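Bear in mind the structure is a predicted one, so any value in this text is a computation, not a measurement. Because only heavy atoms are used, hydrogens play no part in the values below, and waters and symmetry mates are left out as well, while side chains stay in.
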Amino acid sequence: MKLRFLVCVLLLLSAALPCRVSALEPSEAAKSQQARTRRGKEFVVSVLYWNIQNGMWAGQEDDYTAFVEWVKGRNPDICIWCEAQTLYKTGTHFAASAEERFLPEGWGKLARRYGHKYVSVGHNRDGYPQVITSRFPIREEVKLKGAEPDSVLMHGGLKATVRRKDMTLHLVALHTFPHDYSPLAADREASSRLREGDGYRVREVKYICDHTVGEDIDAGRHFWLMAGDFNAVSRRDNEFYRLAEEDSAFAVHDYIACHTPYCDAMADYYAGELKPTLAGVPQRIDFVYCTQALLERITSIDVIDDEYTHPVKDATPDIDFFRPSDHLPIQVDFDMSETED
């Protein structure tokens with residue numbers, strides 16, 4: 001009952017409130033970049049986000065060589081990984097024992113192979129932690145767990161602060177609950193019919209925002225980035241989905257738009273264009289959110305669908321995995337010249 005009530009309240013709020021929708025055209029970003037470049041040496045920071053499916057399941061066969069070479073080719077300064085634990089034996093759907101799991105304990109070794117010295121591993125509640133790796137020092141980290149009994153983060157969350165010279169960048173990684181039912185429900189079928197999973201995801205996102213960007217009273221002027229697999233669609237893409245305006249599928253991103261200082265970076269940069277992130281489905285469920293101060297420094301952002309990342313269903317019978325992942329990555333570059341955060 002509480003979940004249904006929360007969803008209803010959020011939908012009413014989204015319909016009644018003039019929620020902020022920022023608009024940053026690429027031309028505006030280019031002009032801003034040019035102005036900063038004229039003032040001094042350009043300093044670009046590149047952030048790569050990706051749900052790598054079961055700890056880069058497809059990378060186990062070649063000791064992650066293709067994965068490492070691809071990351072090196074993209075040359076990110078910071079990486080945010082979802083599903084960052086080894087779960088299955090190489091090439092199979094059989095669970096790997098604790099001794100057989102290279103990740104997450106092996107992230108330090110793996111990250112050094114693509115040039116990142118600093119690693120932060122999130123809370124590992126159910127085998128799907130987030131991991132942040134960085135070329136720059138990670139000065140602070142907060143492993144987000146959620147509070148019992150009704151605000152548990154099923155896949156946890158992670159906040160890390162990266163500092164270099166005069167730049168302070170706050171990073172938040174998340175991965176929300178993926179099902180239509182609530183994990184608190186005694187009757188999952190009934191819960192699925194009521195779409196209580198939508199309300200549960202709102203609880204997760206609210207908890208994460210309250211304990212990260214919500215603790216910064218001047219967050220809009222500071223550099224905050226939140227990225228993850230939200231398992232929810234945005235009404236900003238609804239011209240492609242054609243869902244009812246009151247559909248609870250929008251509740252997560254309505255909450256972010258109405259109650260946080262975050263801007264949807266992809267939607268702002270590519271207004272009126274859908275950038276799918278999920279294998280075989282024209283949906284965007286992976287998002288990069290930025291506060292306005294950081295949004296204005298974007299020089300490029302895109303979903304990366306190339307020869308390596310393009311999802312291909314594994315041919316082995318009874319294995320419902322993709323190679324290299326069932327999600328596509330997102331990379332965003334920022335001109336951080338002369339920052340004063």
With no hydrogens and no angle check, is any side-chain donor or acceptor of [X] less than 3.5 Å from a backbone partner on [Y]?
X: H211; Y: L144; value: no
X: R201; Y: A232; value: no
X: N238; Y: L243; value: yes
X: K275; Y: I330; value: no
X: T309; Y: I304; value: yes
X: Y49; Y: D286; value: no
X: S120; Y: E141; value: no
X: R163; Y: I138; value: no
X: Y270; Y: D302; value: no
X: Y269; Y: D264; value: no

E100 versus S97, side-chain donor and acceptor atoms under 3.5 Å | yes

Do H170 and T161 have side-chain atoms, one donor and one acceptor, less than 3.5 Å apart?
-> yes

Can you classify the ring geometry of [X] versus [Y] as parallel (below 30°), tilted (30 to 60°) or perpendicular (above 60°)?
X: F67; Y: W107; result: perpendicular
X: H116; Y: Y114; result: perpendicular
X: F230; Y: H253; result: tilted
X: W81; Y: W50; result: tilted
X: F321; Y: Y88; result: tilted
X: H179; Y: F177; result: perpendicular

Can you find a heavy atom in the side chain of [X] that is under 4.5 Å from one in the side chain of [Y]?
X: Q60; Y: T86; value: yes
X: V44; Y: D77; value: no
X: F223; Y: T168; value: no
X: M266; Y: F287; value: no
X: V119; Y: I132; value: no
X: S234; Y: R284; value: yes

Is there a salt bridge (Lys or Arg N to Asp or Glu O under 4.0 Å) between E99 and R101 once you walk through the steps?
-> CA-CA 6 Å; E99 295 75 19; R101 294 175 180 176; over 6 Å; no

Regarding [X] and [Y], does a basic nitrogen lie under 4.0 Å from an acidic carboxylate oxygen?
X: D198; Y: R203; result: no
X: K206; Y: E204; result: no
X: D247; Y: R242; result: no
X: E61; Y: R323; result: yes

Report the C-alpha separation of H155 and D126 in whole Å, then their side-chain angles, then the decisive distance to 0.1 Å, and conclude whether the side-chain hydrogen bond (donor to acceptor under 3.5 Å, both in side chains) test is met.
-> CA-CA 6 Å; H155 299 331; D126 63 351; 2.7 Å; yes

If you group Ile, Leu, Val, Met, Phe, Trp and Tyr by side-chain heavy-atom gaps below 4.5 Å, do I80 and V71 land in one group?
->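 Hydrophobic grouping puts I80 apart from V71.
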
V162 reachable from M336 in the ILVMFWY side-chain graph, under 4.5 Å edges |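 In one cluster: yes.
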
Atom [atom1] in [X], atom [atom2] in [Y]: separation rounded to 0.5 Å?
X: D314; Y: D326; atom1: CG; atom2: CG; answer: 12.0 Å
X: D229; Y: Q130; atom1: CG; atom2: CD; answer: 9.5 Å
X: T90; Y: W57; atom1: OG1; atom2: CH2; answer: 9.5 Å
X: L274; Y: D237; atom1: CG; atom2: CG; answer: 5.0 Å
X: Q292; Y: R221; atom1: CD; atom2: CZ; answer: 13.0 Å
X: R297; Y: D333; atom1: CZ; atom2: CG; answer: 14.0 Å

Just jot down the side-chain hydrogen bond (donor to acceptor under 3.5 Å, both in side chains) partners of T176, sequence neighbours excluded, or say none.
->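 Expected list: none.
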
Who pairs with E215 by side-chain hydrogen bond (donor to acceptor under 3.5 Å, both in side chains), at least two apart in sequence or on another chain?
->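 Checked E215 against side-chain hydrogen bond (donor to acceptor under 3.5 Å, both in side chains); zero matches.
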
Does the pair K159 and K143 meet the rule for a side-chain contact (heavy atoms from CB on, under 4.5 Å), with working shown?
-> CA-CA 7 Å; K159 182 243 179 179; K143 300 177 190 289; over 6 Å; no

Go through the steps for E196 and S191 under the test side-chain hydrogen bond (donor to acceptor under 3.5 Å, both in side chains), then give the verdict.
-> CA-CA 6 Å; E196 290 182 336; S191 183; 2.8 Å; yes

Nearest atoms (heavy-atom pairs only) where I319 meets K313 | O-NZ, 2.7 Å

If every non-hydrogen atom of A265 is compared with every non-hydrogen atom of C290, which pair is closest and at what distance?
->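 Scanning both residues completely, I find the closest heavy atoms to be CB-SG, 4.2 Å.
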
Please determine if R164 forms a cation-pi arrangement with F43, meaning its NZ or CZ atom is less than 6.0 Å from the six-membered ring centre and no more than 45° off the ring axis.
-> yes

Could you check W224 against T212 for side-chain contact (heavy atoms from CB on, under 4.5 Å), going step by step and ending with a plain yes or no?
-> CA-CA 9 Å; W224 283 88; T212 54; 3.8 Å; yes

Name the one of M56, K109, Q85 that satisfies side-chain contact (heavy atoms from CB on, under 4.5 Å) with F102?
->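 Answer after filtering M56, K109, Q85: K109.
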
Please test T65 against D63 for side-chain hydrogen bond (donor to acceptor under 3.5 Å, both in side chains), starting from the C-alpha separation and ending with a verdict.
-> CA-CA 6 Å; T65 298; D63 190 30; 5.3 Å; no

